[in-house]
A.B. asks: 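Could you have a look at this structure, given as structure tokens, before my questions?
Remember, it's a predicted structure, so these values are computed and weren't measured experimentally. Counting begins at 1 with the first residue of the sequence.
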Amino acid sequence: MTAFENDPITLEIIQNSLQATADQMFAAMKKTAMSSIIYEVLDMGTGILDAEGRIASSGAGIPAFIGVLDKSVKVLVKKFDRPDDIQPGDVFATNDPYYGGVTHLNDIIVAMPVFAEGRIIAWTANIAHNSDIGGKAPGSLSADSTEIFQEGLRLPAIKIVSKGEPIEPVFEILKVNSRMPDFLEGDVWAAIASVRIGAKRLQELAEKYGAATFERAMAGFMDFGEAVSRAELAKLPHGTFELTEEQDDGRQFNVKITVSDDEFVVDLRDNPDQDAGPTNTSRDGVMVSAQMIFKSLTDPYSPCNEGSFRPIKLLTREGTVFHAREPAAIGFYYETEVRVYDLMWRCLAKVVPERLAAGHFSSICGTFIGGKHPDTGRQYTIIEPEVGGWGASRGADGNSAIFSGFHGETYNCPAEISEARNGLFVDRMELNMEPGGEGQWTGGRGIKLEYRVREDDSFLTMGYTRSKVLPWALDGGHEGSPNYAEVVRTDGATERYSFVSGLTVDAGDVIRIVTGNGGGLGDPRERDPQAVKKDVKNGFISATHAKAVYGVDV
């Protein structure tokens with residue numbers, strides 16, 4: 001036993017150092033990545049895991065991504081279980097949802113073991129969306145895929161660096177399968193740099209305080225995370241709560257949540273069989289959605305770790321849309337996960353109204369535009385999740401132009417970057433002023449964003465939900481407005497889409513993105529008249545609308 005092992009101050013220093021290390025990993029990846037989806041949008045996440053693959057400290061990035069890392073590393077630990085399978089300097093990768101990848105093939109998880117005193121004491125890991133990993137369509141996503149083989153190159157939990165040296169054939173396979181090989185290679189090396197700097201920092205910690213103290217600090221903080229979660233769980237209303245919600249495609253999604261002193265049980269067994277297309281998700285992905293809702297309800301402000309989620313019990317049925325069976329296509333998994341995330345949110349919103357607002361636009365609104373860059377002749381693919389309106393809460397209007405709750409801590413790509421790196425112009429970005437979300441407290445505004453294509457034979461692929469079934473309201477508020485896109489052709493013809501794959505767009509065509517307003521809360525007639533007048537003054541609503549909906553003369 002070292003002098004530090006039972007010192008609570010030392011243990012706290014180590015835990016804070018884990019958080020700082022995960023943040024440094026995030027910064028390293030952001031500053032060295034090739035793709036704007038990573039370095040501008042920050043479509044990535046980092047984390048520190050213990051030797052068994054349990055999340056010890058979350059870094060920055062998308063909450064749904066950070067929740068992936070422990071599930072991926074546990075697969076690696078199980079697969080590489082023979083002596084000498086894992087050596088100092090090794091780096092591993094997976095992107096396959098059936099082999100620890102959790103999400104879809106574009107998202108590559110990179111993980112590195114951390115050695116001290118002759119044994120593995122931790123793992124560093126990250127995940128990021130890569131622009132093109134092969135497959136039948138540019139950008140690797142296709143709304144008409146019917147099996148995962150069409151969605152890109154599968155990495156089934158493999159070693160990519162051995163004892164510090166890259167395994168060159170693996171990198172050659174990666175590059176030859178991508179339409180953007182230099183971007184893919186650069187982004188993977190950024191991920192490797194990130195886990196390496198994290199491993200170095202953790203080794204320094206273990207050297208300073210001793211491996212046993214380091215491990216004790218991680219285990220102790222997980223136990224603390226569990227204690228906090230259970231204390232907050234006991235304060236929630238107990239009982240069984242159920243919800244059935246129709247989806248845009250006519251299917252019914254069902255959830256049953258049981259809250260007790262000891263467990264938070266999410267039952268998703270009564271749901272449709274897996275889809276023939278790419279809108280399925282893995283069981284691990286659904287667990288991430290449950291973890292995010294649970295964290296929001298219990299301890300939303302502290303870093304998460306494995307202990308934070310010990311009270312969760314997830315029930316699924318293999319072969320359903322929420323627990324797909326190989327080789328189901330899974331490219332648009334995120335729209336299904338955000339649907340189940342919002343389903344759980346809506347189920348509990350009336351039970352804990354002080355913690356959960358009305359429905360938000362609740363879609364990633366992933367927009368993929370690509371083709372040949374008119375200035376360079378190189379293949380480009382813009383990958384743009386979109387911002388939208390959040391629902392109203394008691395005493396406050398919803399936020400405008402924010403990413404979905406599932407997507408989290410990310411940013412829209414600046415117009416200057418999009419125009420410089422991609423073959424299009426950004427003509428307009430403004431708040432969506434369509435009706436929707438009225439209430440005593442109103443839903444936040446979505447956006448209208450216009451891309452103008454510069455080259456013939458470019459393409460548009462997109463998959464939006466909440467295009468028909470609108471963001472839900474509470475207590476007499478009005479529903480929000482839909483997510484959709486319009487293609488305005490050079491001859492003035494307009495086409496409207498929510499899901500489309502590989503649509504040809506030519507020079508001068510405008511792709512107009514419209515994201516929804518969040519749901520309102522409370523009777524609009526009870527809204528403060530001064531707030532209504534301010535809305536009219538700011539151009540959010542017309543004087544006619546103010547009179548008709550709010551009963552206020554302006």
Side-chain angles (χ1 to χ4, degrees), residues 14 18 21-22 25 45-59 65-103 107-128 154-164 167 170 188 191-192 194-203 205-206 211-212 214-223 225-226 282-285 287-288 291 304-310 312 314 326:
I14 292 173
L18 296 181
T21 297
M25 291 168 58
T46 59
I48 309 294
L49 308 104
D50 73 359
E52 298 176 20
R54 298 178 299 181
I55 189 78
S57 184
S58 56
F65 270 5
I66 295 166
V68 165
L69 299 177
D70 59 329
K71 299 160 185 65
S72 302
V73 173
K74 286 175 182 177
V75 170
L76 291 169
V77 170
K78 183 177 180 180
K79 181 176 181 179
F80 295 90
D81 62 345
R82 297 176 301 179
D84 301 326
D85 269 357
I86 303 175
Q87 296 290 325
D90 288 352
V91 179
F92 300 82
T94 187
N95 72 338
D96 195 307
Y98 302 111
Y99 296 88
V102 178
T103 56
D107 298 332
I108 299 178
I109 296 95
V110 173
M112 184 174 188
V114 181
F115 284 80
E117 300 178 13
R119 67 180 188 273
I120 298 174
I121 61 166
W123 289 76
T124 56
N126 58 50
I127 177 175
R154 302 173 69 184
L155 306 175
I158 62 170
K159 187 181 295 189
I160 61 173
V161 175
S162 178
K163 300 179 183 178
I167 303 173
V170 173
V188 170
I192 294 170
S194 168
V195 294
R196 281 176 167 172
I197 193 67
K200 181 179 179 181
R201 294 292 175 261
L202 298 187
Q203 286 167 340
L205 276 175
F214 178 89
E215 291 167 326
R216 181 180 177 84
M218 286 195 293
F221 199 69
M222 290 180 197
D223 291 340
E226 178 182 9
S282 67
R283 184 185 188 280
D284 281 341
M287 173 59 87
V288 173
Q291 288 174 335
C304 66
N305 58 54
E306 187 268 345
S308 305
F309 305 124
R310 287 174 185 166
I312 300 177
L314 176 64
E326 189 178 3

A.B. asks: Tell me, with the steps shown, if Ile158 and Ile167 meet side chain to side chain contact (heavy atoms under 4.5 Å, CB included).
C.D. replies: CA-CA 11 Å; Ile158 62 170; Ile167 303 173; over 6 Å; no

A.B. asks: Using the test side chain to side chain contact (heavy atoms under 4.5 Å, CB included), find all partners of Gln203 that sit at least two apart in sequence or belong to another chain.
C.D. replies: Val114

A.B. asks: Looking at CD1 of Ile55 and CE of Met218, how far apart are the two atoms once the value is rounded to the nearest 0.5 Å?
C.D. replies: 11.0 Å

A.B. asks: Looking only at heavy atoms, which two atoms of Leu202 and Ala122 are closest? And how far apart?
C.D. replies: CD1-CB, 4.0 Å

A.B. asks: Considering only heavy atoms from C-beta outward, does the side chain of Pro113 approach that of Phe92 to under 4.5 Å?
C.D. replies: yes

A.B. asks: Search all heavy atoms of Met112 against all heavy atoms of Ala199 and return the closest pair with its distance.
C.D. replies: SD-CB, 4.0 Å

A.B. asks: In this structure, which one of Val73, Asp96, Leu69 forms a side chain to side chain contact (heavy atoms under 4.5 Å, CB included) with Ile109?
C.D. replies: Leu69

A.B. asks: As a quick check of understanding, evaluate side chain to side chain contact (heavy atoms under 4.5 Å, CB included) for Val161 and Arg196, giving each step before the final call.
C.D. replies: CA-CA 11 Å; Val161 175; Arg196 281 176 167 172; 3.8 Å; yes

A.B. asks: Does Arg310 have any side-chain hydrogen bond (donor to acceptor under 3.5 Å, both in side chains) partners at least two apart in sequence or in another chain, and if so, which?
C.D. replies: Asp223, Glu226, Glu306

A.B. asks: If I take atom CG from residue Leu49 and atom OG from residue Ser58, how far apart are they, to the nearest 0.5 angstrom?
C.D. replies: 10.5 Å

A.B. asks: By side-chain hydrogen bond (donor to acceptor under 3.5 Å, both in side chains), which residues pair with Thr21, not counting sequence neighbours?
C.D. replies: none

A.B. asks: Give every residue pair that meets the salt bridge (Lys or Arg N to Asp or Glu O under 4.0 Å) criterion with at least one member in residues 110-119, sequence neighbours excluded.
C.D. replies: Glu117-Arg119, Arg119-Glu215

A.B. asks: What pairs with Pro88 under side chain to side chain contact (heavy atoms under 4.5 Å, CB included), at least two apart in sequence or on another chain?
C.D. replies: Phe115

A.B. asks: For Val75, check side chain to side chain contact (heavy atoms under 4.5 Å, CB included) against everything at least two apart and list the hits.
C.D. replies: Ala157

A.B. asks: Measuring only between side-chain heavy atoms, which start at C-beta, is Val102 closer than 4.5 Å to Ile127?
C.D. replies: no

A.B. asks: Could you work out, with side chain to side chain contact (heavy atoms under 4.5 Å, CB included) as the rule, every residue matching Phe221, not counting sequence neighbours?
C.D. replies: Gln15, Phe224, Asn305

A.B. asks: Roughly how far apart are Thr124 OG1 and Leu18 CG, rounded to 0.5 Å?
C.D. replies: 11.5 Å

A.B. asks: Looking at CD1 of Ile120 and CD of Gln87, how far apart are the two atoms once the value is rounded to the nearest 0.5 Å?
C.D. replies: 9.0 Å

A.B. asks: Which residues satisfy the side-chain hydrogen bond (donor to acceptor under 3.5 Å, both in side chains) test with Asp70, sequence neighbours excluded?
C.D. replies: none

A.B. asks: Holding to side-chain hydrogen bond (donor to acceptor under 3.5 Å, both in side chains), I want the full list of residues that pass it with Lys159, two or more places apart in sequence or in another chain.
C.D. replies: Asp90

A.B. asks: Can you tell me how far CG of Leu76 sits from OH of Tyr99, rounded to the nearest 0.5 angstrom?
C.D. replies: 14.0 Å

A.B. asks: Search all heavy atoms of Gly47 against all heavy atoms of Ala22 and return the closest pair with its distance.
C.D. replies: CA-CB, 4.5 Å

A.B. asks: Ignoring hydrogens and geometry, is there a side-chain-to-backbone donor-acceptor pair from Arg283 to Leu314 under 3.5 Å?
C.D. replies: yes

A.B. asks: If the test is side chain to side chain contact (heavy atoms under 4.5 Å, CB included), which one of Ile66, Asn126, Val110 qualifies with Thr46?
C.D. replies: Asn126

A.B. asks: Partners of Arg201 by salt bridge (Lys or Arg N to Asp or Glu O under 4.0 Å), sequence neighbours excluded?
C.D. replies: Glu204

A.B. asks: If you look at every heavy atom in Ala206 and Ile121, which pair is closest and at what distance?
C.D. replies: CB-CD1, 3.6 Å

A.B. asks: Taking all heavy atoms of Trp123 and all of Ala111, pick out the closest pair and write down the distance.
C.D. replies: CE3-CB, 3.9 Å

A.B. asks: With heavy-atom distances below 4.5 Å as the criterion, would you say the side chains of Lys79 and Thr94 are in contact?
C.D. replies: no

A.B. asks: Search all heavy atoms of Cys304 against all heavy atoms of Phe309 and return the closest pair with its distance.
C.D. replies: CB-CZ, 3.7 Å

A.B. asks: Among all residues two or more places apart in sequence or in another chain, which pass the salt bridge (Lys or Arg N to Asp or Glu O under 4.0 Å) test with Asp107?
C.D. replies: none

